[in-house]
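Have a look at the structure below before the remarks.
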Amino acid sequence: IIMMVIYQIFLVAQKTFTITNERLELTQNARIFLDRLSRELRQTPDIATSLPATKTVAGFPPAKEIMFQDGHDVHDIQYVRYFLDNGLIKRQKLVYFFAADPYTYVSYNATDNFNNSPQKHVLEEKIIAEYATQIIFYGNKTTYLEIFLSKGSSSEHFYAGVWGRNTRY
């Protein structure tokens, strides 16, 4: 009987340890994502993604990805894009250009003399976080972001609001 009680205590402790580790890993992934994205959103001069004012605007659901101009001492116009890809939150650095002058970067919504849109080129792509099941973005002067994560039997939901101090509204 004593051995069975000790074994049951061991099983409960093992299960608690596993759940705690899962939640810790989810929290760490969310923190890395939210810290990095918040820092970059505060510095951006322009958010390219159209965002609804709230997450409940009829016919205008929250965005599932976000793209904005890089505001960290970049000499050329570059953009940053965060998106979800099979449970991974990825960060891309992008540039836009016209075929006639591929070394001059332009705004994502620029047009040339013939009303053509620019071409897009991905400079780099990195994995920022894992175990994400959903990310959403919304808001006007304050950009709100929510991230939902899941691993094993644990699920977490994190929320943040970022005011862009350099953003043109």
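Side chains are part of it too, since the values below use all heavy atoms of this structure and drop only hydrogens, waters and symmetry mates.
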(message) With a sphere of 6.0 Å drawn around CG of Asn109, does it hold more than 12 non-hydrogen atoms of other residues, nucleotides or ligands?
(response) yes

(request) Say whether Ile135 and Ile47 are linked into one hydrophobic cluster, either directly or through other cluster members, by side-chain heavy-atom distances under 4.5 angstrom. (result) yes

(message) For the OG1 atom of Thr16 and the CG atom of Leu11, what is their distance to the nearest 0.5 Å?
(response) 10.5 Å

(message) Quiz question: by atom type and distance under 3.5 Å, do the side chains of His157 and Glu146 form a donor-acceptor pair?
(response) yes

(request) Could you tell me whether Lys90 and Glu125 make a salt bridge, using a distance below 4.0 angstrom between a side-chain N and a carboxylate O? (result) yes

(request) Determine the minimum heavy-atom distance between Pro61 and Pro52, stating which atoms define it. (result) O-CG, 3.6 Å

(request) Would you kindly confirm whether Leu34 and Ile128 end up in one hydrophobic cluster when ILVMFWY residues are joined by side chain heavy atoms under 4.5 Å apart? (result) yes

(message) Below 30° counts as parallel, above 60° as perpendicular, anything between as tilted: where do the rings of Tyr108 and Tyr79 land?
(response) perpendicular

(message) With a 4.5 Å cut-off on side-chain heavy atoms, are Tyr96 and Ile77 touching?
(response) no

(message) Are the side chains of Glu130 and Lys151 in contact, using a 4.5 Å heavy-atom criterion?
(response) no

(request) Starting at CD of Gln78, measure out to NZ of Lys93 and round the result to the nearest 0.5 Å. (result) 5.0 Å

(message) Measuring from atom CD of Glu156 to atom CG of Leu149, what distance do you get when rounded to the nearest 0.5 angstrom?
(response) 8.0 Å

(request) Find the distance between CZ (Phe148) and CD (Gln134) and round it off to the nearest 0.5 Å. (result) 5.0 Å

(message) Tell me the closest heavy-atom pair linking Gln119 and Ala99, and the distance in Å.
(response) NE2-CB, 3.3 Å

(message) Contact between Tyr103 and Phe97 at the side-chain level, heavy atoms closer than 4.5 Å - yes or no?
(response) no

(message) Under the criterion side-chain contact (heavy atoms from CB on, under 4.5 Å), I'd like the reasoning laid out for Thr44 against Val80: C-alpha separation, chi angles, the key distance, then a yes or no.
(response) CA-CA 10 Å; Thr44 186; Val80 176; over 6 Å; no

(request) Kindly indicate whether the side chain of Ile66, heavy atoms from C-beta on, has any atom under 4.5 Å from the side chain of Leu145. (result) no

(message) Please tell me whether Phe83 and Val162 are part of a single hydrophobic cluster in this structure, the criterion being side-chain heavy atoms less than 4.5 Å apart.
(response) no

(request) Any chance you could measure Ile19, atom CD1, to Gln14, atom CD, to the nearest 0.5 Å? (result) 11.0 Å

(request) Identify the two heavy atoms, one from Pro118 and one from Ser107, that lie closest to each other, and give their separation to 0.1 Å. (result) CG-O, 3.7 Å

(message) With a 6.0 Å cut-off (strictly less than), is the heavy-atom count around CG of Asn113, excluding the residue itself, greater than 12?
(response) no

(request) Determine, using the 4.5 Å side-chain heavy-atom cutoff (strictly less than), whether Ile136 and Tyr159 are members of one ILVMFWY cluster. (result) yes

(message) So which atom in Ala129 and which in Asn29 form the shortest heavy-atom distance, rounded to 0.1 Å?
(response) CA-OD1, 3.4 Å

(message) Nearest 0.5 Å, please: how far is OG1 in Thr142 from OH in Tyr144?
(response) 4.5 Å

(message) Can you tell me which residue among Asp46, Thr143, Leu41 is in a side chain to side chain contact (heavy atoms under 4.5 Å, CB included) with Phe68?
(response) Leu41

(request) Consider only side-chain heavy atoms of I, L, V, M, F, W and Y, link residues closer than 4.5 Å, and tell whether Val57 and Leu51 are in one cluster. (result) no

(message) Could you report the tightest heavy-atom contact between Met67 and Leu94, atom names first, then the distance?
(response) SD-CD1, 3.5 Å

(request) Determine the interplanar angle of the Phe33 and Phe137 rings, folded into 0 to 90°, and report it as parallel if under 30°, tilted if 30 to 60°, perpendicular if over 60°. (result) perpendicular

(message) Are more than 12 heavy atoms, taken from residues, nucleotides or ligands other than Arg23, located less than 6.0 Å from that residue's CZ atom?
(response) no

(request) Check Phe158 against Ala30 and note the closest heavy-atom contact, atom names and distance. (result) CD1-CB, 3.3 Å

